[in-house]
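Throughout, residue positions are numbered sequentially from 1 according to the sequence presented.
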Amino acid sequence: MLLLAHISDLHLDGSERSLVRAGNVMDHLRGLPRPVDALLVTGDIADNGAEGEYEAAARLLAAPFPVLTCPGNHDIRAAYRKALTGEPAADGPINRRHRVGGLEVLMCDSTIPGRDEGLLDEETLAWLGGALDELGDTPAVIALHHPPVPLHHPLPDSMRLQRESALADLLGRHPNVLAVLAGHAHTAAAATFAGRPVLVAPGVTWTLRLPWESEHLADLDAPPGLAFHALDDAWNIVTHYRVVR
């Protein structure tokens, strides 16, 4: 079995609250009796995009297992790139591919600088298409910040992935993609898109209340959440959601 942990939306802002919540999640993952094969962090790592926030993130996310990240709409590419990847500051999309066991993990930049909604721009689509072409039948997952589906809440639905048909076209040509993993919504969710599961990680910083639960948007007292994606030898994927108290 291959085991991926998946968290999102840490929104580190220098406050003790944000550092403690993210730290508790990482302590939980480091203390598991069976280590995960990798941790995926799908964006909004920082709240303001300040370099110091990413320096704190680098310390928090240090782990004995691979930690794979992509940016979200609160992240600033130049500061993210400098502090988390060790590369010179630059403003282009941050797309990375990683091999975890026999699985290819494609971490995609769905951000539009200065905007909250998402988009896989032409550079990212070309990178993603090229990577998938190279993989052939190798199983893969695509991870990005913005879900490509409506979640039936006016907040995330007002700033979800735009022109999602381009992603659907890629999925239609590459049956080896097992799932799309996302964050952004601050609520654990599962849906389908282009015949694949979309698995949305809950938020670390706060939890979104759904319209039928409350008129108040954010539950600040809900514990941080995370997802575990377990993949068997036939590459079937099962997701379990947990909270960290």
(request) Determine, stepwise, if the pair Ser110 / His146 fulfils side chain to side chain donor-acceptor pair (under 3.5 Å). (result) CA-CA 6 Å; Ser110 63; His146 297 82; 2.7 Å; yes

Less than 4.0 angstrom from a charged side-chain N to a carboxylate O is my criterion; do [X] and [Y] meet it?
| X | Y | answer |
| --- | --- | --- |
| Lys82 | Glu53 | no |
| Asp109 | Arg77 | yes |
| Asp157 | Arg160 | no |

(request) In sequence, state the C-alpha distance, the side-chain angles, and the governing distance for Ile237 and Leu4, and then conclude on side-chain contact (heavy atoms from CB on, under 4.5 Å). (result) CA-CA 10 Å; Ile237 185 167; Leu4 303 176; over 6 Å; no

Could you list the donor-acceptor pairs under 3.5 angstrom formed by side chains in residues 128-143, with sequence neighbours left out?
unit_1, atom_1, unit_2, atom_2, d
Asp133, OD1, His174, NE2, 2.8
Glu134, OE1, Arg97, NH1, 2.8
Thr138, OG1, Leu135, O, 3.1

(message) By the ring-ring contact (aromatic ring centres under 6.0 Å, His included) test, which pairs, at least two apart or in different chains, include something from residues 224-245?
(response)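 Those involving residues 224-245 are His6-His229.
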
(message) When you compare the side chains of Ser18 and Asp13, does any donor N or O come within less than 3.5 Å of an acceptor on the partner?
(response)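 Yes, Asp13 and Ser18 have a side-chain donor paired with an acceptor closer than 3.5 Å.
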
(request) Would you kindly say whether Thr207 and His186 are connected by a side-chain donor-acceptor distance under 3.5 Å? (result)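 Short answer, no.
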
(request) Decide side-chain contact (heavy atoms from CB on, under 4.5 Å) for Leu217 and His153; before the verdict, give the C-alpha distance in whole Å, the side-chain angles of both, and the deciding distance to 0.1 Å. (result) CA-CA 10 Å; Leu217 177 69; His153 190 292; 3.7 Å; yes

(request) State whether the side chain of His184 and the backbone N or O of Met159 hold a donor-acceptor pair below 3.5 Å, judged by distance alone. (result)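 Side chain of His184 to backbone of Met159, a donor-acceptor pair under 3.5 Å: yes, one is there.
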
(message) Show, in sequence, the C-alpha distance, side-chain angles and deciding distance for Leu120 and Gln162, and conclude whether the side-chain contact (heavy atoms from CB on, under 4.5 Å) test is met.
(response) CA-CA 8 Å; Leu120 298 178; Gln162 306 296 299; over 6 Å; no

(request) Working to the nearest 0.5 Å, report the span between CG of Leu84 and SG of Cys70. (result)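 Going from CG on Leu84 over to SG on Cys70, the span is 11.5 Å.
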
(request) Output, in order, the C-alpha distance, side-chain angles, deciding distance and verdict of side chain to side chain donor-acceptor pair (under 3.5 Å) for Tyr80 and Thr85. (result) CA-CA 7 Å; Tyr80 174 116; Thr85 73; over 6 Å; no

Closest heavy-atom pair and its distance - [X], [Y]:
| X | Y | result |
| --- | --- | --- |
| Ala230 | Met1 | CB-SD, 3.7 Å |
| Leu178 | Leu231 | CD1-CD2, 3.6 Å |
| Glu55 | Ala83 | N-CB, 4.1 Å |

(message) Between Val180 and Leu171, does the side-chain contact (heavy atoms from CB on, under 4.5 Å) criterion hold? Intermediate values first, please.
(response) CA-CA 10 Å; Val180 177; Leu171 293 176; 4.1 Å; yes

(message) Taking salt bridge (charged side-chain N to carboxylate O under 4.0 Å, His left out) as the cut-off, I'd like each qualifying pair that reaches into residues 197-215, sequence neighbours left out, listed once.
(response)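 Matches after skipping sequence neighbours: Arg209-Asp219.
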
(message) Once salt bridge (charged side-chain N to carboxylate O under 4.0 Å, His left out) is applied, what residue pairs with a partner in residues 120-131 remain, sequence neighbours excluded?
(response)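 Residue pairs passing salt bridge (charged side-chain N to carboxylate O under 4.0 Å, His left out), neighbours aside: Glu122-Arg163.
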
(message) Run the side-chain hydrogen bond (donor to acceptor under 3.5 Å, both in side chains) test against Asp116 and tell me which residues pass, sequence neighbours left out.
(response)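 Partners of Asp116 under the side-chain hydrogen bond (donor to acceptor under 3.5 Å, both in side chains) test: Asn73.
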
(message) Is there a side-chain contact between Asn24 and Pro224 in this structure, where contact means two heavy atoms from C-beta onward sitting under 4.5 Å apart?
(response)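 No, too far: nothing below the 4.5 Å cut-off.
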
(request) Hydrophobic side-chain clustering at under 4.5 Å (ILVMFWY, transitive links): who's grouped with Leu119? Put none if nobody. (result)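 Same cluster as Leu119: Ile112.
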
(message) So, applying side chain to side chain contact (heavy atoms under 4.5 Å, CB included) with Pro71, which one of Asn95, Thr111, Val41 is it?
(response)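 With Pro71 as partner, side chain to side chain contact (heavy atoms under 4.5 Å, CB included) holds for just one option, Thr111.
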
